[in-house]
Number of protein chains: 2
Amino acid sequence: MVVRQELSDDEVNRIFRALADATRRDIVRRTLVEEVSVSQLADAYAMSFAAVQKHVAVLEEAKLVTKQPRGRERMVRGDLARIRQAQRLLDQFEQLWRSRIDRLDLVLDDTH
Amino acid sequence: MVVRQELSDDEVNRIFRALADATRRDIVRRTLVEEVSVSQLADAYAMSFAAVQKHVAVLEEAKLVTKQPRGRERMVRGDLARIRQAQRLLDQFEQLWRSRIDRLDLVLDDTH
DNA sequence: GTATTTTACAACCAAATGGTTGTACGACAG
DNA sequence: CTGTCGTACAACCATTTGGTTGTAAAATAC
């Protein structure tokens with residue numbers, strides 16, 4: 001079961017947008033280590049419960065975390081697969097850069 | 001000359017924020033391959049010159065591109081080092097996740 | 001010289017973002 | 001049954017974002 005790559009621009013936007021906030025990055029870190037409820041997360045930050053709830057929602061829309069009910073709580077879990085997809089996106093930039101070097105080498109080394 | 005890691009939250013915010021826009025990602029791709037002037041970039045997109053200029057400014061503040069004058073033009077060049085720093089940030093998430101697994105293994109394998 | 005290109009930057013605008021408070025409701029405890 | 005806990009969601013607000021147009025100035029072209 002291979003994970004389908006091919007993210008839309010909009011999905012990629014959401015992923016990086018979600019990562020562009022220190023609180024949200026911290027939530028990802030915590031939830032990658034262990035499942036945490038939204039209220040547990042809320043206790044960790046100097047902002048309202050609703051604010052934390054919104055951050056979790058942004059991460060959920062980016063699919064960087066998933067939420068599953070446990071009793072009255074919602075357990076949040078970080079999704080490593082999505083992080084890896086983001087890494088692959090950055091790899092593509094690197095590959096592109098490498099291709100430039102290859103082309104330069106081609107011109108310089110060419111013995112026509 | 002080692003590149004100093006240790007990015008502030010604000011710097012990291014800027015990097016991911018800058019990458020959270022399809023036009024800006026495209027600018028990074030183009031300028032990683034070759035130096036491109038701001039006006040050349042502007043020709044590539046269905047938006048005003050000023051809008052493209054702003055996108056370049058966002059990328060520049062994130063240090064994902066650098067600009068250097070050449071005559072009346074400003075040549076934009078993608079900075080691969082910054083991309084790699086972003087990759088390292090994502091790696092840290094992965095390491096964190098891995099540490100969880102290690103701890104789980106520790107508990108399970110423990111022969112006390 | 002004058003005209004054109006390329007950039008810089010200000011002012012403006014609508015929409016999105018990141019926060020707040022308040023209300024409501026299901027799940028659990030006493 | 002009643003009260004508390006955890007969540008959902010709406011309404012509101014200030015700031016940021018992503019776009020626009022307009023004006024000005026420096027570098028090049030004619």
Side-chain angles (χ1 to χ4, degrees), chain A residues 8-31 34-78 86, chain B residues 8-31 34-78 86:
Chain A
S8 71
D9 275 353
D10 212 65
E11 285 176 301
V12 179
N13 291 353
R14 274 192 247 269
I15 292 171
F16 286 125
R17 189 79 198 70
L19 291 172
D21 180 280
T23 301
R24 286 195 294 259
R25 285 193 300 276
D26 197 64
I27 291 175
V28 170
R29 281 185 214 104
R30 287 172 189 266
T31 59
E34 59 184 347
E35 276 195 350
V36 188
S37 72
V38 179
S39 54
Q40 281 178 306
L41 287 172
D43 289 341
Y45 308 106
M47 67 184 74
S48 68
F49 175 85
V52 174
Q53 225 178 3
K54 281 193 186 184
H55 282 306
V56 171
V58 169
L59 289 168
E60 206 181 2
E61 278 165 37
K63 297 198 167 75
L64 283 162
V65 305
T66 55
K67 235 175 13 175
Q68 57 187 14
R70 176 131 83 215
R72 64 185 149 188
E73 293 176 303
R74 297 294 179 273
M75 304 309 291
V76 183
R77 172 194 298 246
Chain B
S8 71
D9 274 353
D10 212 64
E11 286 176 301
V12 178
N13 291 352
R14 274 191 245 270
I15 293 171
F16 286 126
R17 189 79 198 68
L19 290 172
D21 179 280
T23 300
R24 287 196 292 260
R25 286 192 300 275
D26 197 64
I27 291 175
V28 171
R29 282 187 214 104
R30 286 173 189 265
T31 58
E34 59 185 346
E35 275 195 351
V36 187
S37 73
V38 180
S39 54
Q40 282 178 305
L41 286 172
D43 288 343
Y45 308 106
M47 67 183 72
S48 69
F49 175 84
V52 174
Q53 224 177 3
K54 282 194 186 182
H55 282 306
V56 172
V58 170
L59 289 167
E60 206 181 1
E61 278 165 39
K63 297 199 167 74
L64 283 162
V65 305
T66 55
K67 236 175 12 174
Q68 57 187 14
R70 175 132 85 215
R72 65 184 150 189
E73 292 176 303
R74 297 293 178 274
M75 305 307 292
V76 183
R77 173 194 297 247

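Chain letters run A, B, ... following the sequence lines, proteins first, then strands; residues in each count from 1.
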Inset, instruction - Starting at atom NE2 of A:His55, determine the distance to atom P of D:dA8, rounded to an integer number of angstrom. - result: 16 Å

Inset, instruction - Verify the contact: side-chain N or O of B:Arg24 to OP1 or OP2 of D:dG18, cut-off strictly under 4.0 Å; return yes or no. - result: yes

Inset, instruction - Mind calculating the distance between CE (B:Met47) and C1' (D:dG19) to the nearest angstrom? - result: 8 Å

Inset, instruction - Look at all strands and tell whether B:Ala50 reaches a base, only sugar-phosphate, or nothing, counting heavy atoms closer than 4.0 Å. - result: base

Inset, instruction - Please determine, for the side chain of B:Glu73, which listed nucleotide (D:dT20, D:dT7, C:dT7) has the closest atom? - result: C:dT7

Inset, instruction - Give the rounded distance in Å between these two atoms: CD of B:Glu35 and C1' of C:dT6. - result: 16 Å

Legend entry - Nearest-0.5 Å distance that lies between atom CD in B:Glu73 and atom OG in B:Ser39: 5.0 Å

Inset, instruction - Round to a whole Å and report the spacing from CE of B:Met75 to C1' of C:dT5. - result: 14 Å

Legend entry - Under-4.0 Å salt bridge between A:Arg70 and A:Glu35: yes

Legend entry - Nearest to side-chain heavy atoms of A:Arg74, which nucleotide of D:dT7, C:dT4, D:dT4: D:dT7

Inset, instruction - Please round to the nearest 0.5 Å and tell me the distance separating atom CG of B:Leu41 and atom CE of B:Met75. - result: 9.0 Å

Legend entry - B:Arg72 CZ - D:dA24 C1' separation (whole Å): 16 Å

Inset, instruction - Using a cut-off of strictly less than 4.0 Å, decide whether A:Ser48 has a side-chain nitrogen or oxygen near OP1 or OP2 of C:dT20. - result: yes

Legend entry - Qualifying residue for side chain to side chain contact (heavy atoms under 4.5 Å, CB included) with A:His55, from A:Asp26, A:Val65, A:Val38, A:Asp21: A:Asp21

Legend entry - Ionic contact status for B:Arg14 with B:Asp10, cut-off 4.0 Å: yes

Inset, instruction - Look at the side-chain N and O atoms of A:Lys67 and state whether any lies under 4.0 Å from the OP1 or OP2 oxygen of D:dA8. - result: yes

Inset, instruction - Give A:Ser39 one of three labels, base, sugar-phosphate or nothing, depending on what nucleic acid heavy atoms sit under 4.0 Å from its own. - result: sugar-phosphate

Inset, instruction - Please round to the nearest 0.5 Å and tell me the distance separating atom CG of B:Leu59 and atom CG of B:Leu19. - result: 7.5 Å

Inset, instruction - Please state how far atom CD in A:Glu61 lies from atom P in D:dC9, giving the value in whole angstrom units. - result: 12 Å

Inset, instruction - Please check if the side chain of B:Arg17 supplies one atom and the backbone of A:Ala20 the other of a donor-acceptor pair under 3.5 Å. - result: no

Inset, instruction - For A:Lys54 and D:dA10, give me the distance from atom NZ to atom P, rounded to whole Å. - result: 11 Å

Legend entry - Below 4.0 Å: OP1/OP2 of D:dT7 and any side-chain N or O of A:Gln53: no

Inset, instruction - Tell me which residues in residues 11-23 of chain B put a heavy atom below 4.0 Å from DNA chain C, sorted by number, or none. - result: none

Legend entry - Phosphate contact (C:dA27 OP1 or OP2) by A:Arg70 side-chain N/O below 4.0 Å: no

Legend entry - Rounded distance (Å) that lies between atom C1' of D:dA24 and atom CZ of B:Phe49: 14 Å

